[in-house]
Number of protein chains: 2
Amino acid sequence: MPSSTVENYLKHILLLSESAQDLVSMGELASALAVVPGTATTMIKALAREGYVAHQPRQGVSLTSAGRTVALSVLRKHRLVETFLVNVLKMDWASVHAEAEKLEHAISDEVLDRLDALLGYPATDPHGDPIPSRKGKLNFQVYASLATCALKQPLRIVRITEQTTEFLQFADQNHLLPGSTLSVTSRNLPAGLATIKTTGTRTQAMSITAAGKILVEPLRR
Amino acid sequence: MPSSTVENYLKHILLLSESAQDLVSMGELASALAVVPGTATTMIKALAREGYVAHQPRQGVSLTSAGRTVALSVLRKHRLVETFLVNVLKMDWASVHAEAEKLEHAISDEVLDRLDALLGYPATDPHGDPIPSRKGKLNFQVYASLATCALKQPLRIVRITEQTTEFLQFADQNHLLPGSTLSVTSRNLPAGLATIKTTGTRTQAMSITAAGKILVEPLRR
DNA sequence: TAAATTATTTTGACTAATCAAAATAGCGTG
DNA sequence: CACGCTATTTTGATTAGTCAAAATAATTTA
Ligand SMILES: [Mn+2]
Ligand SMILES: [Mn+2]
Ligand SMILES: [Mn+2]
Ligand SMILES: [Mn+2]
């Protein structure tokens, strides 16, 4: 059985390879895991020997199917645990990430299945992140963000892509949660600003960078 | 923060010093933790240096108050987690011990408090083991067992002192759960046998050793 | 009380995971 | 096409936790 260190490496490779074009660099990986690059190199060579990853020296690393299976299972645990903490224990959605980071390594498949049932088999976690299925299928969908969508269109927030407590608290305080409806009234690229209007007629500004972390879909109906 | 290894050492010292007369021997401790005695000695010397235990070389080890605080907190987590797994997730009471053994090291105080509230602040876990309070008070009560109580008296089971899956399954199948009522009809010490009668008029035999693991109180009312 | 048995401690070695700092490989720029 | 910058890899050390086996202390037995 992989140690929780190994599980963390594999999970972060999976997460980073969603954004990166498949090969994850040692630099990215090391900084995601808060270790020095040399440590990541050493570890990746060990993981390659054990068949979890393929290492292209000096290029980057990618998951094998064995590695992907482990990574998806850990990610599923992470996101179901977050959902449990928010939906059942009513915890602050900004703080559950850190909790799930530990619990994801301690929960058995048996417990997880029962949690899943208790929660009603949710498709996404409280941040809108998709929850991999028990069979390891990850519903990967491309959404526009508040930085890229059309202006003055009614939108619904579907996902917040950023785990830091600070950003999630900001989003919470401004009613920018998955499910909330709003529209982008204007954008000023040179200034790096976007102006949005939530349904309660409140208007506010935020940086384009921040706007890019909030994913939306056009409001149907 | 103590590692989960340290937490396990401290928790097991606490549990063993309930039965043993305060000083826990390296042999007992090592076998409880499934390590060789030399490992326990080495570890205990380190824990003594860090102020968690007092080590009387060649005699045994006991907890300092710092060590006892940690041990009680871990034990509280263990027992509340077991209660959650049985009461909320409806898991088999015989299997939850192994799950809790891992989760006890991954759960934060914040999550624990919310679990406690969700469960209605239980005083004991599914096996009847007392749950230490948030302030670290452990309700230590001395009960008679089926091996020591008076014969032909109506009794209520209050606790099963044995964590192994096999014993718990045996107890479950024979309706010997905390709360069940029964009486001991006879005892044959030379043969090492006790005969008990559960309220459903079922009569059965068990060894005195097994009977000693089932704690009871006289039935009032 | 001397010898034998048993428990504990010590010693030496190993694995997993990490860091600091030196070496190296790939760039891109001049 | 050489030089310099940057990312990566290598090297050498460290820490936590463990085991096997030898050494030692304590206790029991004769
Ligand atoms: Mn983690
Ligand atoms: Mn999430
Ligand atoms: Mn444990
Ligand atoms: Mn228990």
Side-chain angles (χ1 to χ4, degrees), chain A residues 1-13 16-17 19-63 66-67 70-71 74 101-102 104-106, chain B residues 1-13 16-17 19-63 66-67 70-71 74 101-102 104-106:
Chain A
M1 296 300 90
S3 67
S4 50
T5 304
V6 168
E7 289 185 343
N8 277 332
Y9 273 81
L10 298 176
K11 186 188 70 171
H12 277 106
I13 295 168
L16 290 170
S17 58
S19 42
Q21 59 303 345
D22 211 26
L23 272 203
V24 176
S25 75
M26 288 304 129
E28 286 181 287
L29 183 57
S31 95
L33 289 160
V35 296
V36 302
T39 299
T41 301
T42 308
M43 191 68 197
I44 286 305
K45 288 176 66 176
L47 294 184
R49 214 175 338 95
E50 291 162 45
Y52 290 121
V53 302
H55 185 207
Q56 259 70 58
R58 238 101 206 178
Q59 304 280 294
V61 66
S62 59
L63 293 173
V70 173
V74 178
E101 205 56 49
K102 293 198 72 183
E104 65 189 358
H105 311 293
Chain B
M1 296 299 89
S3 66
S4 49
T5 303
V6 169
E7 289 185 343
N8 277 333
Y9 273 81
L10 298 176
K11 187 188 70 171
H12 278 105
I13 296 168
L16 290 170
S17 58
S19 42
Q21 61 300 350
D22 211 26
L23 274 201
V24 176
S25 75
M26 289 304 130
E28 284 180 289
L29 183 58
S31 94
L33 290 160
V35 296
V36 302
T39 300
T41 302
T42 308
M43 191 68 196
I44 286 305
K45 287 175 67 176
L47 294 184
R49 214 176 336 97
E50 291 161 48
Y52 291 120
V53 301
H55 184 206
Q56 259 68 58
R58 238 98 207 184
Q59 304 281 291
V61 67
S62 58
L63 293 173
V70 173
V74 177
E101 206 54 51
K102 293 198 72 182
E104 66 190 359
H105 311 292

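The shown structure was predicted, so the numbers you read here are calculated from the model rather than taken from an experiment. Chain letters run A, B, ... following the sequence lines, proteins first and then strands; every chain starts at 1.
A pairwise comparison of heavy atoms in B/Ile13 and B/Val24 identifies O-CG2, 3.7 Å as the closest pair. Of all heavy-atom pairs spanning B/Gly51 and B/Ala66, the tightest one is O-CB, 3.9 Å.
Protein atom CD1 of B/Ile44 is 15 Å distant from nucleotide atom C1' of C/dA7, rounded to whole Å. One atom, CE of A/Met1, and another, P of C/dT15, lie 20 Å apart when rounded to the nearest Å. The nearest whole Å value for the distance from the CE atom in B/Met43 to the P atom in C/dT8 is 18 Å. Going from atom CG of B/Leu47 over to atom P of D/dA16 covers 11 Å, rounded to whole Å. The nearest whole Å value for the distance from the CG atom in A/Leu33 to the P atom in C/dT18 is 8 Å. As a whole-Å value, the separation of A/His12 NE2 from C/dA17 C1' is 17 Å. Regarding B/His105, its NE2 atom lies at a distance of 18 Å from the P atom of D/dA16, rounded to whole Å. A straight line from CD of A/Glu50 to C1' of C/dA17 spans 13 Å, rounded to a whole angstrom.
Between A/Glu50 and A/Lys45 there is no salt bridge, since none of the side-chain N atoms of the basic residue sits less than 4.0 Å from a carboxylate O of the acidic one.
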Provide a list of protein-nucleic acid N or O atom pairs under 3.5 angstrom, restricted to nucleotides 8-10 of chain D.
{"residue": "D/dT8", "atom": "OP2", "partner": "A/Gly27", "partner atom": "N", "Å": "2.8"}
{"residue": "D/dT8", "atom": "O2", "partner": "A/Arg58", "partner atom": "NH2", "Å": "2.7"}
{"residue": "D/dT9", "atom": "OP1", "partner": "A/His55", "partner atom": "NE2", "Å": "3.1"}
{"residue": "D/dT9", "atom": "OP1", "partner": "A/Arg58", "partner atom": "N", "Å": "2.7"}
{"residue": "D/dT9", "atom": "OP2", "partner": "A/Thr41", "partner atom": "OG1", "Å": "3.0"}
{"residue": "D/dT10", "atom": "OP2", "partner": "A/Lys45", "partner atom": "NZ", "Å": "2.7"}

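Two residues are said to be in side-chain contact when any heavy atoms from C-beta on lie closer than 4.5 Å; A/Thr39 and A/Leu33 fail this criterion.
The residue from A/Thr41, A/Leu29, A/Asp22 that alone fulfils the side chain to side chain contact (heavy atoms under 4.5 Å, CB included) condition with A/Val61 is A/Leu29.
Applying the 4.0 Å criterion to OP1 and OP2 of C/dT18, one finds that A/Tyr9 has a side-chain N or O inside that range.
For B/His55, the side chain to side chain donor-acceptor pair (under 3.5 Å) criterion is met by no residue, not counting sequence neighbours.
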